[in-house]
Amino acid sequence: MCGIVGVVSHTPVNQLLYDALLLLQHRGQDAAGIATNHSSMFSMYKANGLVRDVFRTRNMRSLAGNSGIGHCRYPTAGSSSEEEAQPFYVNAPFGITLAHNGNLTNQAELKDEMFRKDRRHINTDSDSEVLLNVLAHELQEASTGFTLDVDAVFKAVAMVHRRARGAYAVVAQISGHGLLAFRDPFGIRPLCIGVNETEDGPEYLVASESVALEGLGFRFMRDIAPGEAVFIDNDRQLHARQCADNPSLNPCVFEYVYLARPDSVIDGASVYATRLRMGEYLAEKIRKEIPAEEIDVVMPIPDSSRPAAIQLALKLGVEYREGFIKNRYIGRTFIMPGQGQRRKSVRQKLNAIPSEFKGKNVLLVDDSIVRGTTSREIVQMAREAGARKVIFASAAPPVIFPNVYGIDMPTRDELIAYGRTVEEVCKEITADHLVYQDLDALKRSISDVNPALTSFEASCFDGVYITGDVTPEYLDNVEQARHNPKSKPVVEDAARNQLALNPPVAAE
Ligand SMILES: O=P(O)(O)OC[C@H]1O[C@H](OP(=O)(O)OP(=O)(O)O)[C@H](O)[C@@H]1O
Ligand SMILES: NC(=O)CC[C@H](N)C(=O)O
Ligand SMILES: [Mg+2]
């Protein structure tokens, strides 16, 4: 996932966009960028790194204007090079900048079509640059001369929906015309809009997560619906229209498990409340497998598993303790590029307090086990700290299928549960017992909080790809591309960039 934000204000927006990106930093740590619009000119600055490292005062000064968009990136397509940081810009028609969260599944076909039919050159391997050019082409087709009315904007989005496949939540600025935001017809990645009423009239902010609205004093209006487009014109008039033929809401379950911040509300469900429910359902399952009196203490793996672990402990009636302390200056390890760096970071990030472990049967709770990087290290650390027995529980089911909608898990062989039974995974992470959440319980954890949510994008758990175009051959091709990259591998390239910012402290 990535974080995206767009804002239309009455005053300069550079600081607002920067602050919004800080609030969305958990969604992407690899690169960040801002593009503002001022007197029909764009100013843009983007680079690899965390938000706080990318922007200097001189960059911020150059980002003039009362409207703009921002992006923090976690790459899923192309490479991690600076050229693929977002927003992207295209000069015709009108001048457009775009920021995208998600991943297209027909990027290759679209890129080819762009070249052969639409006569557009794509300069990177980023799917987001392809998406921008599809939008640009359709805006050109829909507009007449220099004018671009609201109907033409929505018609262009309808055409994007017909051509693009996969997951996309998008913010874009059309120079001299306004701010456009839209969400794919399956509503896979989140997007919401808020308003700030001022004496000069309303200001609008669109963002991946509600936490960015609240943190900046905007009132949450609503989620943008699947397939819907919202356009805020230059007079700050808000227009909205359904642009897809058969929209349906299928939010990504992994947003609730791990990706989103717990204080966000996505598609009407508080992420925190869903994580508490995950803990309750997981407790029910654990109770069936292990007598509660055999567990001395329940511990979360900070940060994301805390709400689930707290509720799980309460339900089991077992003491909850924090045995691992997190170094708050180290980012999220799962969204770091490069396995070597991830492994090193787990030890740098988490440290055990031996007195909490000595002679105890500990139940460690994590939100998910994906590559097993965290669980392998953590179980060993618990043993080194003196634990008698280490039981591991995951608030999500085994991840056994690749994700093609904006989470970087493209190959099956990197997933620890792929081709292994639960017992084999347990052995692999060297735990004494391992319990996974059932998928049905995970889905219920979300629909209990918002009963209107009945369908989900859960492909990494069940292999059902909601967009209907992801075949076994497609997955094989993605895997092959990852194993034999034609250019620089995504992960190594990104790892170098990250290491440059964060030099390793000790050898592996
Ligand atoms: O099996 P793995 O491949 O290790 O992935 C799963 C782990 O990665 C995430 O933690 P992360 O450190 O990214 O973030 P957090 O601090 O929000 O928990 C997640 O919460 C799990 O702990
Ligand atoms: N995680 C994402 O949303 C990534 C967006 C886009 N596919 C990229 O790689 O830049
Ligand atoms: Mg974690």
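Numbering of ligands and ligand atoms starts at 1, following listing order. FYI, side chains are in, hydrogens and waters are out, and symmetry mates aren't considered; it's all heavy atoms of this structure.
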More than 12 heavy atoms of other residues, nucleotides or ligands under 6.0 Å from NZ of Lys315: yes or no?
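Result for NZ/Lys315: open.
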Do other residues, nucleotides or ligands put more than 12 heavy atoms under 6.0 Å from Tyr474 OH?
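More than 12 within 6.0 Å, yes.
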Say you draw a straight line from [atom1] of [X] to [atom2] of [Y]; how long is it, rounded to the nearest 0.5 Å?
X: Thr421; Y: Lys427; atom1: OG1; atom2: NZ; answer: 9.5 Å
X: Leu434; Y: Glu289; atom1: CG; atom2: CD; answer: 9.0 Å
X: Leu21; Y: Ile4; atom1: CG; atom2: CD1; answer: 10.5 Å

Within the protein, flag every N or O under 3.5 Å from an N or O of ligand 2, and note the pair and distance.
residue: ligand 2; atom: 1 (N); partner: Met1; partner atom: N; Å: 3.1
residue: ligand 2; atom: 1 (N); partner: Met1; partner atom: O; Å: 3.2
residue: ligand 2; atom: 1 (N); partner: Tyr74; partner atom: O; Å: 2.8
residue: ligand 2; atom: 1 (N); partner: Gly406; partner atom: O; Å: 3.2
residue: ligand 2; atom: 3 (O); partner: Cys2; partner atom: N; Å: 3.3
residue: ligand 2; atom: 3 (O); partner: Asn101; partner atom: ND2; Å: 2.8
residue: ligand 2; atom: 3 (O); partner: Gly102; partner atom: N; Å: 2.7
residue: ligand 2; atom: 3 (O); partner: Gly102; partner atom: O; Å: 3.4
residue: ligand 2; atom: 7 (N); partner: Thr76; partner atom: OG1; Å: 3.0
residue: ligand 2; atom: 7 (N); partner: Gly102; partner atom: O; Å: 2.9
residue: ligand 2; atom: 7 (N); partner: Asp127; partner atom: OD1; Å: 2.7
residue: ligand 2; atom: 7 (N); partner: Asp127; partner atom: OD2; Å: 3.1
residue: ligand 2; atom: 9 (O); partner: Arg73; partner atom: NH2; Å: 3.0
residue: ligand 2; atom: 9 (O); partner: Thr76; partner atom: N; Å: 3.0
residue: ligand 2; atom: 9 (O); partner: Ala77; partner atom: N; Å: 3.2
residue: ligand 2; atom: 10 (O); partner: Arg73; partner atom: NE; Å: 2.5
residue: ligand 2; atom: 10 (O); partner: Arg73; partner atom: NH2; Å: 3.2
residue: ligand 2; atom: 10 (O); partner: Gln86; partner atom: NE2; Å: 3.1

Relative to the ring of Phe357, is the ring of Phe324 parallel (under 30°), tilted (30 to 60°) or perpendicular (over 60°)?
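If you compare the ring of Phe324 with that of Phe357, the planes turn out perpendicular.
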Return the option from Lys349, Arg371, Glu377, Lys326 holding the heavy atom at the smallest distance from atom 2 (P) of ligand 1.
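Residue with the shortest heavy-atom distance to the ligand atom: Arg371.
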For atom 22 (O) of ligand 1, which of the options Ile378, Thr374, Val399, Asp366 provides the nearest non-hydrogen atom?
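The nearest heavy atom belongs to Asp366.
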For Val370 and ligand 1, does the shortest N/O to N/O distance drop below 3.5 Å?
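Yes, Val370 has an N/O under 3.5 Å of an N/O on ligand 1.
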Would you say Ile369 and ligand 1 have an N/O pair spaced under 3.5 Å apart?
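N/O-N/O distance under 3.5 Å: no.
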If you measure from each non-hydrogen atom of Asp367 to ligand 1, which part falls under 4.0 Å: side chain, backbone, both or neither?
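Answer for Asp367: side chain.
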Could I get the full list of side chain to side chain donor-acceptor pair (under 3.5 Å) partners for [X], not counting sequence neighbours?
X: Glu356; answer: Arg321
X: Asn351; answer: none
X: Glu322; answer: Arg306, Tyr320

Proximity flag Ser368 to ligand 1, non-hydrogen atoms under 4.0 Å
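Ser368 counts as a contact of ligand 1 under the 4.0 Å cut-off.
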With heavy-atom distances below 4.0 Å as the criterion, list the atoms of ligand 1 near Ser304.
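Near Ser304, the atoms of ligand 1 are 15 (P), 17 (O), 18 (O), 20 (O).
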